[in-house]
Amino acid sequence: MKLVKLLANLGYGSRREVQGMIRDGKVTDDHGVVLGKHEFPGHERIRVRGRALDPAFPLTIVLNKPTGFTCSTDDPGDTIYDLLPVRFSLRKPGLNPVGRLDKETSGLLLLTDDGKLLHKVIHPKSECHKVYHAVLDRPLEGHEGALFSSGELVLKDETRPLLPAGFERLGEKEALVTLREGRYHQVRRMFAAAGNHVVELRRLSIGGFRLPEDLEEGEWRALTGDELERLFDESLSDASRAREDG
Ligand code: URA
């Protein structure tokens with residue numbers, strides 16, 4: 001790939017702006033030698049203002065999403081893209097959330113520019129389970145597990161029943177819910193169907209990948225190859241593990 005196109009696709013500026021950066025000597029190799037627009041020493045060796053380039057396509061990142069941020073690009077309020085480098089919202093292909101979290105839900109959010117990966121994670125057939133920790137307004141009544149796992153629960157304003165979901169009571173007003181699909185506000189609406197109300201919701205894991213403990217709220221980092229594989233490792237994917245470590 002040409003240098004100008006690469007830098008523009010990584011969000012360093014429009015093609016014209018990138019050409020200006022190259023003319024101004026802002027783009028060098030790892031020894032500080034200024035690069036011309038026809039030079040390409042390889043992604044790892046290119047520096048912009050002395051700094052290594054952002055990772056190339058395909059990139060998947062994990063964000064510890066705080067509450068109060070939407071997953072939309074065009075929301076006038078705070079969005080998850082405000083928590084990432086400005087360049088990331090200019091990348092081509094763009095970074096998209098892998099299964100959105102609603103504004104008041106926190107925790108594990110993946111973003112990727114890899115359409116195949118995104119599809120594989122969110123498709124119900126992938127068996128890539130998502131585990132949520134819910135804190136409720138009222139005490140659990142005991143019927144929730146049977147209702148959620150029945151495969152017959154139809155949410156308000158829908159006609160198709162939910163796939164069976166996992167449920168684990170953690171306390172009087174606390175539970176883990178494991179989903180194989182991702183419908184709009186699904187966990188909140190499931191508890192509403194059970195006569196309760198979710199006051200706090202946090203995603204703990206996707207497949208066998210758990211929210212890294214060292215990632216503070218609002219922080220992000222790129223996923224490693226091992227972590228990408230863990231997404232699809234069913235042996236690591238269950239609610240009790242998420243509880244032990246979450
Ligand atoms: N269920 C919800 O209610 N909200 C989310 O963000 C995810 C699952």
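If you're wondering where the values come from, they're calculated on a predicted model, not measured in any experiment. Both counts, for ligands and for their atoms, begin at 1 and track the order of listing. We use all heavy atoms of the structure for the numbers below, so side chains are in, but hydrogens, waters and symmetry mates are not.
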A.B. asks: Check whether any side-chain heavy atom of Leu10 sits under 4.5 Å from a side-chain heavy atom of Val48, and report yes or no.
C.D. replies: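 With C-beta onward as the side chain, the pair stays apart.
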
A.B. asks: Please identify which atoms of ligand 1 are closer than 4.0 Å to at least one heavy atom of Leu201.
C.D. replies: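 Numbered from 1, ligand 1 contributes 1 (N), 2 (C), 3 (O), 4 (N).
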
A.B. asks: Looking at Glu181 and Arg183, is any side-chain nitrogen of the basic one under 4.0 Å from a carboxylate oxygen of the acidic one?
C.D. replies: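 Salt bridge: yes.
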
A.B. asks: Charged N to carboxylate O under 4.0 angstrom, Glu217 versus Arg202?
C.D. replies: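 Looking at Arg202 together with Glu217, the answer is yes, because their closest N to O distance falls below 4.0 Å.
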
A.B. asks: Mark up the atoms of ligand 1 that fall under 4.0 Å of a heavy atom belonging to Thr105, in ascending order.
C.D. replies: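 Listed by number with element, the hits are 4 (N), 5 (C), 6 (O).
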
A.B. asks: Please could you name the atoms of ligand 1 that Arg188 approaches to less than 4.0 Å, counting only its heavy atoms?
C.D. replies: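 Atoms satisfying the 4.0 Å criterion: 3 (O).
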
A.B. asks: Kindly work out whether a path of hydrophobic side-chain contacts (I/L/V/M/F/W/Y, heavy atoms less than 4.5 Å apart) joins Leu95 to Leu90.
C.D. replies: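 No; tracing contacts between hydrophobic side chains, which count when under 4.5 Å, never links both residues.
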
A.B. asks: Among protein heavy atoms, which lies nearest atom 1 (N) of ligand 1, and at what distance?
C.D. replies: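 The protein heavy atom lying closest is Val187 N, 3.0 Å.
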
A.B. asks: Considering only NZ, NE, NH1 and NH2 on the basic side and carboxylate oxygens on the acidic side, decide whether Glu104 and Arg188 come within less than 4.0 Å.
C.D. replies: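 Salt bridge: no.
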
A.B. asks: Looking only at protein heavy atoms, identify the closest one to atom 6 (O) of ligand 1 and say how far it is in Å.
C.D. replies: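 The closest one turns out to be Asp102 N, 2.7 Å.
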
A.B. asks: Purely on distance, is any nitrogen or oxygen of Leu179 under 3.5 Å from one on ligand 1?
C.D. replies: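 In fact, backbone or side chain, Leu179 has no N or O that close.
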
A.B. asks: Hey, does Tyr132 come in under 3.5 Å of ligand 1, counting only N/O atoms on both sides?
C.D. replies: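 Not met; the criterion fails.
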
A.B. asks: Would you mind reporting whether Ile61 and Leu84 have side-chain heavy atoms less than 4.5 Å apart?
C.D. replies: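 Yes, close enough: below the 4.5 Å cut-off.
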
A.B. asks: Hey, which atoms in ligand 1 end up nearer than 4.0 Å to a heavy atom of Leu101?
C.D. replies: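 This gives 6 (O) as the contact atoms.
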
